[in-house]
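Contents: one structure, followed by commentary.
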Amino acid sequence: MREKAIVTQVDDAAAAAPIIEMSGVCKWFGEFQVLKDINISVATGEKMVVCGPSGSGKSTMIRCINRLETHQKGRIVVDGTELTDDARNIGAVRGEVGMVFQQFNLFPHLTAIENLMLGPVRARKMSRKDARERAEFYLERVHIPEQADKYPGQLSGGQQQRVAIARSLCMEPRIMLFDEPTSALDPEMISEVLDVMTELADSGMTMICVTHEMGFAKRVADTMVFMDAGEIVETADPGTFFGSPRSDRCKRFLQQILGH
Amino acid sequence: MALLKPGTVRILCICTLALFVTGCSANWGWYVVDPTTKTGMSNLMFLLGGLRYTILLSVTAILISIVVGLLVALPGLSNNRYLKLFNRTYVEFIRAIPILVMILWVYYGLPQLGNIQIGVFWAGVIALALSDSAFQAEIFRAGIQSIHRGQYEAAQSISLNYTDTMRFVILPQAIKRILPALGNQLVYMLKMSSLVSVIGMQELTRRANELVVTEYRSLEIYTILVLEYLVLILIVSAGVRWLERRMRADERG
């Protein structure tokens with residue numbers, strides 16, 4: 001079993017400076033408040049798993065971190081850059097943050113390797129040769145180098161999601177966000193994606209994962225976050241979280257998803 | 001070559017056969033375009049000579065209208081109120097002008113605005129392109145709107161800017177979807193180019209009109225005209241369909 005340190009409590013000053021900090025973040029969709037006073041702090045290298053019932057604001061919360069959603073109140077600081085309307089700041093943050101989506105969102109008209117190369121070539125101004133080398137390296141890392149020249153439509157769901165992970169890694173981000181990466185997959189393909197995510201976690205990547213895969217959470221997470229109705233109800237290390245959750249809402253949720 | 005499909009060939013055969021049968025009736029006088037006689041041949045060549053201008057006119061106009069249409073469509077997709085307003089105004093205003101009226105306005109009206117001289121060809125191109133651009137704008141808007149939001153989000157998450165997102169992610173997918181509609185517009189444009197005959201453009205219709213005036217055989221000459229458009233458009237349709245198949249071949253497993 002890996003040692004589970006509560007990284008937020010490490011007193012070494014450098015490690016303690018959070019790479020992601022959300023304080024007092026609120027967001028409304030019209031009249032409906034989706035995020036209520038969200039406060040989280042993620043240290044470099046920390047793995048945070050966010051769970052909670054659907055509609056609890058988990059996805060919205062992590063989408064705020066790379067500004068796919070805008071927050072209306074509070075502060076979000078990513079690696080020293082505060083997210084405001086300033087396009088330069090948004091660009092800087094997106095350069096540091098990779099995102100993996102539930103629906104993969106691969107570009108269907110490009111082959112796997114072209115999907116990977118597009119960001120490095122266009123946004124990072126890399127030469128096509130260097131970008132191809134980097135893309136091949138990351139395809140290798142997600143264990144599908146042989147699928148490089150296939151189109152997304154020719155790949156299985158698990159392979160598509162691994163290509164999507166590799167596409168994000170090609171931008172060499174310091175933080176990876178996963179928005180229910182296995183929810184759209186057939187059961188037999190979930191483990192191949194979780195394996196890749198576990199390897200990524202072991203390599204020291206800072207990660208926030210929204211997922212209901214509790215086995216993965218137990219294995220990988222430094223911090224568990226439970227959200228319900230737009231609030232963070234509980235934040236704890238996995239041992240405490242699964243062993244003795246404090247709130248009733250969290251207990252009930254865990255019973256439901258671990259119960260079967 | 002995939003351009004001449006059995007279906008296309010069949011349609012042409014039926015038309016030729018129909019012509020042959022009707023040609024036997026006493027009311028027809030095919031001598032006017034009989035390639036075995038000297039005048040017949042020169043009449044025929046005169047008619048076919050218009051093909052060049054019809055094609056040149058339509059293709060130039062459609063290329064311009066696609067570019068203008070895209071440039072009008074993009075502001076319509078922004079969140080800015082004024083950009084949207086520009087898009088709506090352009091589309092509604094241009095779409096309301098009949099093509100013939102547009103041609104007359106550009107050729108006879110516009111030069112009086114300043115001291116500009118516009119030739120027949122460019123007047124025709126401008127009028128056709130303007131009229132068509134409003135429709136192209138709507139086609140592009142629909143195509144771009146049909147692309148799932150996740151594609152934009154994925155592009156943003158790998159730091160692509162707006163131009164790159166459009167150029168490498170959204171438009172290639174959108175164009176594939178609107179290809180049938182673009183093909184439609186090209187066919188429409190080929191037909192509408194006949195209207196430019198009213199300002200004296202020497203394209204297919206104008207030449208047919210001129211020949212009818214001297215030869216008095218409107219039935220045969222206009223039948224040839226119909227066939228010229230038919231062949232042209234069948235070729236274009238086959239070409240568009242070939243392009244669609246080729247673009248689709250990519251993604252299928």
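Convention: sequence-line order gives letters A, B, ...; per-chain numbering from 1.
Heavy atoms of Arg167(A) lying under 4.5 Å from chain B belong to its backbone as well as its side chain. Proximity to chain B is limited to the backbone of Leu106(A), based on heavy atoms less than 4.5 angstrom apart.
Within a 6.0 Å radius of CZ in Arg241(B), other residues, nucleotides and ligands contribute 12 heavy atoms or fewer. The neighbour count for Arg128(A) CZ, taken as heavy atoms of other residues, nucleotides or ligands under 6.0 Å away, does not exceed 12. No more than 12 heavy atoms of other residues, nucleotides or ligands shown are found within 6.0 angstrom of NZ on Lys129(A). The neighbour count for Arg75(A) CZ, taken as heavy atoms of other residues, nucleotides or ligands under 6.0 Å away, does not exceed 12. Heavy-atom neighbours of Phe29(A) CZ from other residues, nucleotides or ligands within 6.0 Å: above the threshold of 12. Applying the 6.0 Å contact sphere to NZ of Lys73(A) captures no more than 12 heavy atoms from other residues, nucleotides or ligands. In Tyr188(B), the OH atom is not crowded: 12 or fewer heavy atoms of neighbouring residues, nucleotides or ligands sit closer than 6.0 Å.
Judged purely by atom type and a 3.5 angstrom limit, Asn105(A) has no side-chain atom pairing as donor or acceptor with the backbone of Ala154(B).
Exactly one of Val169(B), Asp164(B), Thr165(B) qualifies for a side chain to side chain contact (heavy atoms under 4.5 Å, CB included) with Leu118(A). That residue is Val169(B).
Closest approach of Ser159(B) to Ala123(A), counting heavy atoms only: O-CB, 3.4 Å.
In this structure, CZ on Phe168(B) lies 11.5 Å from CE on Met117(A), to the nearest 0.5 angstrom. Taking CG of Leu116(A) as the reference point, atom CD1 of Ile158(B) lies at 9.0 Å (rounded to 0.5 Å). Within the model, atoms OG of Ser157(B) and CE of Met171(A) stand 8.5 Å from one another, a figure rounded to the nearest 0.5 Å. Here Glu153(B) contributes atom CD and Glu69(A) contributes atom CD; the two are 7.0 Å apart, rounded to the nearest 0.5 Å. Taking CD1 of Ile147(B) as the reference point, atom CZ of Phe107(A) lies at 11.5 Å (rounded to 0.5 Å).
Considering only heavy-atom pairs separated by less than 4.5 Å from chain B, the leading option among Met99(A), Gln102(A), Arg94(A), Arg122(A) is Arg122(A).
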*Mind running side chain to side chain contact (heavy atoms under 4.5 Å, CB included) on Gln156(B) and Arg67(A) for me, showing each step along the way?*
CA-CA 9 Å; Gln156(B) 283 173 351; Arg67(A) 198 70 171 185; over 6 Å; no
